[in-house]
Amino acid sequence: MISVQMYSPEGVLNGTFEHLPDTYQEDLSPNDVFLILEYQNRYYEKTAGADYEGTSHNKIVRFIRTSAMLEGLDYTTEEIRTVLEAEADYLTEFGFE
């Protein structure tokens, strides 16, 4: 029998949270991770995914940080980078490059 994993946003959220270092799992809630990933999606929606592969990581982090601050949230640059790296690790493990 062949086992096929299905991609789901909830799976990405859970996988990303599980890939965070323990100290970040203590400092950030799953909802914080959700919001950071949501801001990342807003960035790609705003830019229509233009230059998805070549987009500067710094631009995305800056967009997320600014968007969060406008909503009264204060995520550090390091927290945002760590969440994005955890998501990339999870997606790579899942089979996305």
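Predicted, not measured: the structure shown is a model, and the values here were computed from it. Residues: numbered from 1 along the sequence shown. The analysis underlying the following values was restricted to heavy atoms, covering all of them including side chains, and did not include hydrogens, waters or symmetry mates.
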Please report the interatomic distance [atom1]([X]) to [atom2]([Y]), rounded to the nearest 0.5 Å.
X	Y	atom1	atom2	answer
Tyr43	Arg62	OH	CZ	8.5 Å
Thr23	Glu79	OG1	CD	9.5 Å
Tyr39	Leu84	OH	CG	13.5 Å
Ile80	Ser67	CD1	OG	9.0 Å
Ile36	Leu28	CD1	CG	5.5 Å
Arg81	Thr76	CZ	OG1	10.0 Å

What I want to check is whether the side chains of His19 and Glu93 have a donor and an acceptor closer together than 3.5 Å.
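Judged by distance alone, the side chains do pair up.
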
Pairs in or reaching into residues 10-32: which pass salt bridge (charged side-chain N to carboxylate O under 4.0 Å, His left out), with residues at least two apart or in two chains?
none

Side chain to side chain contact (heavy atoms under 4.5 Å, CB included), that's the test. Do Asn58 and Phe63 meet it? Break it down for me.
CA-CA 8 Å; Asn58 291 332; Phe63 178 87; over 6 Å; no

Using only atom types and a distance under 3.5 Å, with no angle test, would you say the side chain of [X] pairs donor to acceptor with the backbone of [Y]?
X	Y	answer
Gln25	Leu20	yes
Arg65	Tyr75	yes
Gln40	Ile60	no

Please determine if Glu71 and Arg42 form a salt bridge, counting it only when a charged side-chain N lies under 4.0 Å from a carboxylate O.
yes

Is there a continuous path of hydrophobic side-chain contacts, each under 4.5 Å between heavy atoms, that joins Val33 to Met69?
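The answer is no; the residues belong to distinct hydrophobic clusters.
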
